[in-house]
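We count ligands from 1, going down the list as the structure has it; atoms in each ligand are counted the same way. Hydrogens, waters and symmetry mates play no part in the numbers below; they use all other heavy atoms, side chains included.
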Amino acid sequence: MFRNENVIIFKAKGDFMIQKPRGTQDLFLNNSKEWNAVEEKFRKVLNVFNYGEIITPMFESKELFVRGVGDSSDIVSKEMYEFTDRKGREYVLRPEGTAPTVRAIIENKLYIQENLPYKTFYIGPIFRYERPQAGRYRQFNQLGVETFGIDSISHDVELISLGQSFLNELKINNDIVVEINYLISGDERKTYEAELKKYLSSFTDLCSDCQTRINKNVLRVLDCKIDGNKFTDAPKMFEFASQENNDRLNKTFIQLKELGIETQINFNLVRGLDYYTGLVFEFKNVKTDQAIIAGGSYNNLVEELGGPSLPASGFAIGIERIMMILKDQNIKVSDEDELDLFIIPLSDEAQFLTNKLLLEARSANLKVDTNWNIKNLKAGFKSAERMNAKNIVIVGENSINSDNYAIKDQISGETTEVKFNDIVKYLKGKK
Ligand code: ATP
Ligand code: MG
């Protein structure tokens, strides 16, 4: 940008053009409209499932994620957007939504008995320094649901059925598989981890991430995006699990099936975050092999972050990945954009009356518009068509003098004469 006399000239070419940060998106026109329609549908589902919203800051102390998500996770080890504020405090743009929710629950003492079980959701941007590619952004949006104070098979089933309900609401029926697993813990996990390490030591060509994970958090190796597919004959977690553990997984599987929700048990499903303790699950897009919904239970996190011992579980939906599927499957979620009325003003006085009519109609909840730039009828009709107007009225010398306004119904083609003060009432009557 530079100044030339009194005019500011914007140069939008070459070196001068400022672009959005890598891995981010601008949404406008149909895309922002579809986005809002999806969010509206999600909120509708959350309402009938009786979840209330929690709104937390977009940035948090770095320590929250180091302690909450774990430093062997990809998120903490290499994906956080970190900054130091003017007083030297270390913050990060939130890289996930569960730890902030837990922090807020502890800080605001939402865990008191009369609040439990506490069912809440968040929705908003998440930031991760990842390699951008299809379905993988640096700023993306998650809708997350979390429940505190319940730990049962019925609840696990209800949680997964909530995930399914989000997809049903959007009419996404194809190309999705739901995988579930039940993570083992305590001594059983230790024995399993030792066996897994032994098994992995026969691989000499593992990626560098896997090599560190073997020692830091060996379960995570199974979740590796690069090598994960190589481990088909790895020791199976369920062989090391207690009978109770395996029964729980089987019962969850059967109950979901009886509710019409087909799942697959995947013993290698471990999830990328360190806080999961029991049930883990993913809704996967089989076409891209990417998870669109992922979650599970994390019964130790509240206590680890300084709160009481409180079982918890939840999941997050990647909204961009949902939008990708909708586009791919040609599903339109938003309603057709239609105007109840388009007004064509043909003089200065007509423009004044148009503003009066616009205000009255909009207060009555009618969707109405005009185009102040149009100078003649032809341009007016063109604008009306572009805006998908159901009715058109011309405000010109004749109609003003006679107080007779011809309202043209664009669908039937019929015209009805109405007095200026009755236009809103007439249109309300037609709805
Ligand atoms: P992935 O295995 O694809 O990296 P993840 O295990 O990191 O996902 P979670 O941290 O559990 O994912 O986040 C939940 C959901 O958020 C994912 O299932 C996905 O839909 C979405 N998601 C995660 N990372 C991204 C990203 N970089 N861009 C867009 N969506 C994402
Ligand atoms: Mg990831």
Answer yes or no on whether Arg189 is positioned over the face of Phe240, meaning its NZ or CZ is under 6.0 Å from the six-membered ring centre and within 45° of the axis.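 No - Arg189 does not lie over the ring of Phe240 by the 6.0 Å and 45° rule.
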
Give the atoms of ligand 1, by number and element, whose distance to some non-hydrogen atom of [X] is under 4.0 Å.
{"X": "Lys225", "answer": "1 (P), 2 (O), 3 (O), 4 (O)"}
{"X": "Arg271", "answer": "6 (O), 9 (P), 11 (O), 12 (O)"}
{"X": "Tyr137", "answer": "26 (C), 27 (N), 28 (N), 29 (C)"}
{"X": "Ala291", "answer": "17 (C), 18 (O), 19 (C), 20 (O)"}
{"X": "Gly135", "answer": "28 (N), 29 (C), 30 (N)"}
{"X": "Glu130", "answer": "24 (N), 25 (C), 26 (C), 27 (N)"}

Contact (N/O only, under 3.5 Å) between [X] and ligand 1:
{"X": "Ile75", "result": "no"}
{"X": "Tyr276", "result": "no"}
{"X": "Ala316", "result": "no"}

Item to complete: Can you sort out the partners of Asn371 under side-chain contact (heavy atoms from CB on, under 4.5 Å), two or more places apart, ordered by chain and number?
Response: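 Asn371 satisfies side-chain contact (heavy atoms from CB on, under 4.5 Å) with Phe342, Asn373, Ile374, Ser383 once adjacent residues are dropped.
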
Problem set entry | Residue among Lys367, Arg362, Lys390 satisfying salt bridge (charged side-chain N to carboxylate O under 4.0 Å, His left out) with Asp340 |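 Answer after filtering Lys367, Arg362, Lys390: Lys390.
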
Query raised in the report: Do Leu326 and Val38 come within less than 4.5 Å of each other through their side chains, counting heavy atoms only?
Result: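 Counting from C-beta outward, Leu326 and Val38 do come under 4.5 Å.
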
### Task
Give a yes or no on this: more than 12 heavy atoms of other residues, nucleotides or ligands lie within 6.0 Å of atom CD of Glu63.
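Correct, the count exceeds 12.
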
How about [X] and [Y]: are their ring centroids closer than 6.0 Å?
{"X": "Tyr111", "Y": "Phe148", "answer": "no"}
{"X": "Phe231", "Y": "Phe203", "answer": "yes"}
{"X": "Tyr91", "Y": "Phe59", "answer": "yes"}

[options]: member with heavy atom nearest to [atom]:
{"atom": "atom 5 (P) of ligand 1", "options": "Glu96, Arg128, Glu320, Gln139", "value": "Arg128"}
{"atom": "atom 1 (P) of ligand 1", "options": "Gln290, Met324, Arg136, Arg138", "value": "Arg136"}
{"atom": "atom 16 (O) of ligand 1", "options": "Lys284, Gln142, Arg131", "value": "Gln142"}
{"atom": "atom 24 (N) of ligand 1", "options": "Phe283, Tyr129, Phe140", "value": "Phe140"}

With heavy atoms only and a cut-off of under 4.0 Å, state how Glu282 meets ligand 1: side chain, backbone, both or neither.
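Within the 4.0 Å criterion, Glu282 makes no contact with ligand 1.
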
* **Sequence-distant partners of Asp233, salt bridge (charged side-chain N to carboxylate O under 4.0 Å, His left out), two or more places apart** =>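 Applying salt bridge (charged side-chain N to carboxylate O under 4.0 Å, His left out) to Asp233 gives none.
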
